[in-house]
Number of protein chains: 2
Amino acid sequence: MIAEELLLEFGAEVITYAKEDYLFEEGKKAHYYFQVKSGEVKMNNINAQGKEFIQSIFSCPRSFGEPPLFSDIPYPANAIAVTKAEVYRLKKEVFLELLLNYPQVHLSVTRGMAKRLYYKAIMASEISSEDPEHRILTLLDYLKEDVHQLTEPFSFKVNLTRQQIADLSGLRVETVIRATKSLEKKEELKIKNRKLYR
Amino acid sequence: MIAEELLLEFGAEVITYAKEDYLFEEGKKAHYYFQVKSGEVKMNNINAQGKEFIQSIFSCPRSFGEPPLFSDIPYPANAIAVTKAEVYRLKKEVFLELLLNYPQVHLSVTRGMAKRLYYKAIMASEISSEDPEHRILTLLDYLKEDVHQLTEPFSFKVNLTRQQIADLSGLRVETVIRATKSLEKKEELKIKNRKLYR
DNA sequence: TTAAATTTATGACTTAGGTCATAAATCATG
DNA sequence: CATGATTTATGACCTAAGTCATAAATTTAA
């Protein structure tokens, strides 16, 4: 995350996207630094059979899509607005210039990438090795503790649909529905009018 | 990767690990920057049922385990020597000091993390959505093109065991054996005395 | 140079989670 | 506020990949 004032000072634009709009596409080169101002943006892949995998969902003030700005790699996934969203957009060259002038900002960008690498490492291992209930709990605990910094039992209200949980954890929606019901019985989750609490 | 001279100038030690030695453990705090001088190091997770997932295998001159140096997160996986290995080790505080003094080095470390994030994004999507043959080809193509910079067909000799391919792609060794044989029939791979070529 | 360990190989079988069909409940929108 | 779209729900069934057993080929180390 980069402070709004600094972004604007360096000439960042604010762009408004409608729900379902693409911000960039898998395989394309990166030209901008992006940071959410309002709304939600997801990065995803769609395979040949139409199955979706959500890499991550970003809301204010998270940035995304930086890796290809640093290295000669294309975007590994699409970025799509989950809701109507406003996004700061800064030209690649200006962004890199900014990092050189503000080492502390560079460090905080690096910190952000470090956290995402941590999340990806955890989820890759989960998806590869764990059963549905374990995967879902790991995902929700990550969101609860690392993103929302909550500790109290059932203090985290999950604002994801069962389908989104499925697409984040490599499962099918029916499996998530069955697994969350089973987790409720085991008192690992609460379900209050269809919303999950962890 | 940081130049050897610079590492030594900042007081890096060279540590020799025997095959199977642990360099650090999942869940622990990070105190050092690591960079391979010789041999191979893997980062992995072992689940409750004993199944292994290999996050990555590193050889000279790759660094690994940086993310927890930047952010207050623990190691998401173990680091274990795959072969006898020599590793540069630099204290966390000195490493961060080095980055502040050498912005270009900081940028190259960021670049390295960006590439790993790219790899993880690709493999997470593969493991979540693709069948065994697709996963294996994507893994091998990544290693061939992005790590070894090879382009000629079958110019990449894979020096991984079937078991390592399985643990990198979330499959079982029998599945990898059957899938690679099938890929050989389809002329996507060559197998010359048990070695894979892509 | 031999014995032990590892790696590759193959067949039979089992099963977890996916697939498909259908529907109720809830939400969003004109 | 009515209607169409989305989300949650449930049962039946199916299949890809995992599991298990066994063995041959190769590599390692003693």
Side-chain angles (χ1 to χ4, degrees), chain A residues 18-20 39-40 42 47-54 57 82-84 126-137 139 157-185 189-197, chain B residues 18-20 39-40 42 47-54 57 80-84 126-137 139 157-185 189-197:
Chain A
K19 188 175 171 172
E20 304 298 322
E40 289 188 329
K42 70 181 171 185
N47 81 355
Q49 291 80 246
K51 188 186 174 193
E52 177 173 8
F53 175 70
I54 301 180
I57 298 181
V82 175
T83 62
K84 178 174 191 274
E126 285 289 321
I127 294 173
S128 152
S129 306
E130 302 292 356
D131 59 53
E133 296 187 14
H134 197 287
R135 288 193 214 184
I136 292 169
L137 286 185
L139 169 66
K157 179 180 178 181
V158 181
N159 73 332
L160 293 168
T161 65
R162 309 288 193 275
Q163 183 67 61
Q164 287 173 327
I165 293 173
D167 294 341
L168 283 160
S169 61
L171 297 167
R172 319 275 6 185
V173 65
E174 297 93 332
T175 304
V176 170
I177 288 166
R178 294 188 243 255
T180 48
K181 295 213 147 184
S182 160
L183 286 167
E184 189 194 22
K185 270 210 198 85
L189 285 181
K190 281 198 174 142
I191 306 185
K192 235 186 291 178
N193 51 342
R194 316 168 106 212
K195 283 286 166 206
L196 301 180
Y197 293 81
Chain B
K19 188 176 171 172
E20 303 298 322
E40 289 187 331
K42 69 180 171 185
N47 81 355
Q49 291 80 246
K51 189 188 174 192
E52 177 172 9
F53 176 70
I54 301 180
I57 299 180
I80 302 175
V82 175
T83 62
K84 178 176 191 273
E126 285 289 323
I127 294 172
S128 153
S129 307
E130 302 291 358
D131 60 52
E133 296 186 13
H134 197 286
R135 290 193 213 184
I136 292 169
L137 286 185
L139 170 66
K157 180 180 180 182
V158 181
N159 71 334
L160 294 168
T161 65
R162 307 289 192 275
Q163 183 66 60
Q164 288 174 325
I165 294 174
D167 294 341
L168 282 161
S169 61
L171 297 167
R172 317 275 8 185
V173 65
E174 297 93 331
T175 303
V176 170
I177 288 165
R178 293 188 245 257
T180 48
K181 293 213 146 181
S182 160
L183 286 167
E184 188 194 22
K185 268 209 198 85
L189 286 181
K190 280 195 176 147
I191 306 184
K192 234 186 288 176
N193 53 344
R194 319 167 103 211
K195 283 284 166 208
L196 302 180
Y197 293 82

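Keep in mind that what you see is a predicted model, and the values were worked out from it rather than measured. Sequence lines set the chain letters: A, B, ... in the order given, protein chains first and strands last, and positions in each chain run from 1.
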What's the [atom1]-[atom2] distance between [X] and [N], to the nearest Å?
{"X": "Leu160(A)", "N": "dT6(D)", "atom1": "CG", "atom2": "C1'", "value": "16 Å"}
{"X": "Leu183(A)", "N": "dT8(D)", "atom1": "CG", "atom2": "C1'", "value": "16 Å"}
{"X": "Glu130(B)", "N": "dG18(C)", "atom1": "CD", "atom2": "P", "value": "15 Å"}
{"X": "His134(A)", "N": "dA16(C)", "atom1": "NE2", "atom2": "P", "value": "17 Å"}
{"X": "Lys195(B)", "N": "dA9(C)", "atom1": "NZ", "atom2": "C1'", "value": "16 Å"}
{"X": "Lys51(B)", "N": "dA17(D)", "atom1": "NZ", "atom2": "P", "value": "12 Å"}
{"X": "Gln164(B)", "N": "dT6(C)", "atom1": "CD", "atom2": "P", "value": "13 Å"}
{"X": "Asp131(B)", "N": "dG18(D)", "atom1": "CG", "atom2": "C1'", "value": "15 Å"}

Step by step, would you call Gln49(A) with Ser129(B) a side-chain contact (heavy atoms from CB on, under 4.5 Å)?
CA-CA 9 Å; Gln49(A) 291 80 246; Ser129(B) 307; over 6 Å; no

Taking five pairs at each end, how big is the angle between the two axes of the helix from dT1(C)-dA30(D) to dG30(C)-dC1(D), to 10°?
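Result, rounded to 10 degrees: 60°.
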
From Ile177(B) atom CD1 to Leu171(B) atom CG, the distance as rounded to the nearest 0.5 Å:
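If we round to the nearest 0.5 Å, Ile177(B):CD1 and Leu171(B):CG are 11.5 Å apart.
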
Apply side-chain contact (heavy atoms from CB on, under 4.5 Å) to residues Val82(B) and Gln164(B) and explain how you reach the verdict.
CA-CA 11 Å; Val82(B) 175; Gln164(B) 288 174 325; 3.8 Å; yes

Quick check: do Lys195(A) and Tyr197(A) have side-chain heavy atoms less than 4.5 Å from each other?
yes

Using side-chain heavy atoms (C-beta onward) and a distance below 4.5 Å, is Asn47(A) in contact with His134(B)?
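The answer is no; the side chains never approach within 4.5 Å.
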
Residue pairs fulfilling side-chain hydrogen bond (donor to acceptor under 3.5 Å, both in side chains) with at least one residue in residues 173-183 of chain A, sequence neighbours excluded
Glu133(A)-Ser182(A)

With sequence neighbours excluded, what pairs up with Thr83(A) under the side-chain contact (heavy atoms from CB on, under 4.5 Å) test?
Glu40(A)

Glu130(B): what forms a side chain to side chain donor-acceptor pair (under 3.5 Å) with it, not counting sequence neighbours?
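Not a single residue meets the side chain to side chain donor-acceptor pair (under 3.5 Å) criterion with Glu130(B).
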
With the threshold set at under 4.0 Å for non-hydrogen atoms, list the residues of residues 169-182 of chain B touching DNA chain D in residue-number order.
Gly170(B), Leu171(B), Arg172(B), Glu174(B), Thr175(B), Arg178(B)

Take Leu160(A) and Ile57(A) through the test side-chain contact (heavy atoms from CB on, under 4.5 Å) and record every step on the way to the result.
CA-CA 10 Å; Leu160(A) 293 168; Ile57(A) 298 181; 3.8 Å; yes

Which of these passes side chain to side chain contact (heavy atoms under 4.5 Å, CB included) with Leu183(B): Leu196(B), Ile191(B), Leu189(B)?
Leu189(B)

Step by step, would you call Gln163(B) with Val176(B) a side-chain contact (heavy atoms from CB on, under 4.5 Å)?
CA-CA 8 Å; Gln163(B) 183 66 60; Val176(B) 170; over 6 Å; no

Protein proximity profile, nucleotides 24-30 of chain C - base contact B, sugar-phosphate-only contact S, no contact -, cut-off 4.0 Å on heavy atoms
-BS----

